[in-house]
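Position 1 is the first residue of the sequence; numbering continues from there.
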Amino acid sequence: MLDEFKEEQPIVYKTIINSINKNKNSHAYLFETRGYSKALDFAKAFAKALICEKKHFNKKECSECSICKTIDDGNSVDVKIIEPLTNQIKKEQIEELKLDFSKTSMTGRKQIYIIDKAEKLNDKTQNSLLKFIEEPEDDVIAILIVENRYQLYETIVSRCQTLSFNKSIEVDGDKVTKIAKYLNNDSESIDKYIEEDKGKVDNIIHFIDYFEENGQINTHININKLLFQYNYNSEEIFKILILYYKDVLNYILKRKTHIFSSNIDNLDKISKKNTELQIINKINILLKLIQYLKVNVNKKMIIDKLIIMLGGVK
């Protein structure tokens with residue numbers, strides 16, 4: 001139940017508990033995971049607490065609760081969990097949800113739907129969901145789980161109460177070690193990544209530093225070399241660039257930089273050349289390019305798009 005997350009996620013936990021105790025729940029929540037792996041478990045625990053008549057928050061008090069068991073088993077009529085099918089959440093899934101929740105709950109309890117990996121919503125599905133969120137039914141609560149809020153339409157985000165989890169990436173080590181832990185799930189892969197780095201991360205950061213300073217691609221260390229001559233993984237490059245721009249955004253917002261503290265001078269330079277919105281747009285561009293890669297778009301086309309799109313951010 002919720003108390004399991006009290007130490008790991010104190011801010012989100014306190015916010016949720018206060019809203020339940022005061023009966024001032026939002027009609028829609030956006031859980032920004034930022035690398036936290038237990039967001040779905042947290043969402044389920046939140047749903048259990050919302051429909052628990054006695055407002056129990058821990059396993060000891062509610063170990064034999066039939067309501068909780070139906071949620072865990074996926075058989076609850078009041079709590080629906082939507083997950084991607086074949087790497088995307090389809091419009092039909094949202095339409096089915098809307099139909100299921102179009103009537104008042106037969107149990108008299110709140111109706112809650114959880115959309116896990118909401119970044120897998122395509123444009124049509126996001127539009128369908130937006131209409132559902134814009135006109136919420138009484139006692140219907142949405143919980144959207146997404147890695148990064150900028151992966152969803154701003155119109156959806158603006159209608160949700162956004163709660164950002166503590167980042168799992170906040171670990172000891174230099175930037176290569178932190179990136180290795182972000183990109184890999186097991187210790188063997190992490191160790192291998194660190195061993196094989198050989199300046200890879202520095203090359204990628206050098207590329208974006210030069211681009212941000214000069215507005216053009218350095219002929220000596222450019223994106224073509226990163227993708228072809230150095231044979232770096234394309235998606236990995238874009239993920240590292242996203243992490244770098246996120247730290248620029250942290251710097252602009254006067255938050256702690258999580259990975260690139262050793263590059264603070266360059267973060268400062270980039271922050272002076274970009275507004276908060278411009279950095280957000282660049283992150284969105286890189287996220288979109290990762291999606292292009294997943295559908296096997298030609299690498300050279302990706303390079304062209306990267307240069308054109310980043311250069312065109314206003």
Give the C-alpha distance, both sets of side-chain angles, the deciding distance and a yes or no for ring-ring contact (aromatic ring centres under 6.0 Å, His included) between Phe42 and Phe165.
CA-CA 10 Å; Phe42 191 107; Phe165 288 91; 5.3 Å; yes
Joint hydrophobic cluster, [X] plus [Y], side-chain heavy atoms closer than 4.5 Å:
X: Ile11; Y: Leu253; result: no
X: Leu85; Y: Ile89; result: no
X: Tyr153; Y: Val157; result: yes

Identify the two heavy atoms, one from [X] and one from [Y], that lie closest to each other, and give their separation to 0.1 Å.
X: Ile145; Y: Leu40; answer: CD1-CA, 3.7 Å
X: Ser164; Y: Val12; answer: O-CG2, 3.5 Å
X: Ala180; Y: Ile190; answer: O-CG1, 3.7 Å
X: Thr33; Y: Ala39; answer: CG2-CB, 3.4 Å
X: Gln278; Y: Lys273; answer: OE1-O, 3.8 Å
X: Arg159; Y: Ala28; answer: O-CB, 3.7 Å

Kindly indicate, with the supporting measurements, whether the criterion side-chain contact (heavy atoms from CB on, under 4.5 Å) is fulfilled by Asp78 and Lys110.
CA-CA 7 Å; Asp78 298 311; Lys110 288 181 171 61; over 6 Å; no
Determine, stepwise, if the pair Tyr150 / Asn281 fulfils side chain to side chain donor-acceptor pair (under 3.5 Å).
CA-CA 9 Å; Tyr150 305 117; Asn281 287 338; over 6 Å; no
Full working for side-chain contact (heavy atoms from CB on, under 4.5 Å) between Arg255 and Leu249
CA-CA 8 Å; Arg255 298 173 179 166; Leu249 189 59; 5.6 Å; no
Any side-chain heavy atom of [X] within less than 4.5 Å of one from [Y]?
X: Asn284; Y: Leu287; result: yes
X: Leu243; Y: Lys175; result: no
X: Asp197; Y: Ile179; result: no
X: Asp41; Y: Glu4; result: no
X: Val248; Y: Asn266; result: no
X: Ile285; Y: Tyr245; result: no
X: Lys44; Y: Ile81; result: yes
X: Leu50; Y: Asn25; result: yes

Out of curiosity, Lys91 NZ to Asp123 CG, how far, rounded to the nearest 0.5 Å?
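Answer for the NZ-CG pair, Lys91 versus Asp123, is 12.0 Å.
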Are the side chain of [X] and the backbone of [Y] linked by a donor-acceptor contact shorter than 3.5 Å?
X: Asp247; Y: Ile259; answer: yes
X: Gln93; Y: Glu83; answer: yes
X: Ser128; Y: Ile94; answer: no
X: Gln151; Y: Val146; answer: no

Under 4.0 Å between a Lys/Arg side-chain N and an Asp/Glu carboxylate O for [X] and [Y]?
X: Lys269; Y: Asp265; answer: no
X: Glu96; Y: Lys80; answer: no
X: Lys200; Y: Glu236; answer: yes
X: Lys192; Y: Glu195; answer: no

Do Asn274 and Glu212 have a side chain donor and acceptor closer than 3.5 Å?
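Note: Asn274 and Glu212 side chains meet the donor-acceptor criterion.
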Answer yes if the side chains of Asn87 and Lys120 hold a donor-acceptor pair under 3.5 Å, and no otherwise.
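Short answer, yes.
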Quick one: do Phe132 and Leu97 satisfy side-chain contact (heavy atoms from CB on, under 4.5 Å)? Show the steps, please.
CA-CA 10 Å; Phe132 196 32; Leu97 170 70; 4.0 Å; yes
Parallel, tilted or perpendicular: which one describes the rings of Tyr244 and Phe260, with boundaries at 30° and 60°?
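Answer is perpendicular, since the angle exceeds 60°.
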Below 30° counts as parallel, above 60° as perpendicular, anything between as tilted: where do the rings of Phe46 and Tyr29 land?
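Perpendicular: the ring planes of Phe46 and Tyr29 meet at over 60°.
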Leu121 and side chain to side chain contact (heavy atoms under 4.5 Å, CB included): which partner among Leu152, Asn127, Leu130?
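The option that passes is Leu152.
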Gln161/Thr15 under side-chain contact (heavy atoms from CB on, under 4.5 Å): CA gap, chis, key distance, verdict:
CA-CA 11 Å; Gln161 180 179 352; Thr15 302; 3.6 Å; yes
Heavy-atom count around Ile264 CD1 within 6.0 Å, excluding the residue itself: above 12?
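Atom CD1 in Ile264 is crowded, with more than 12 foreign heavy atoms closer than 6.0 Å.
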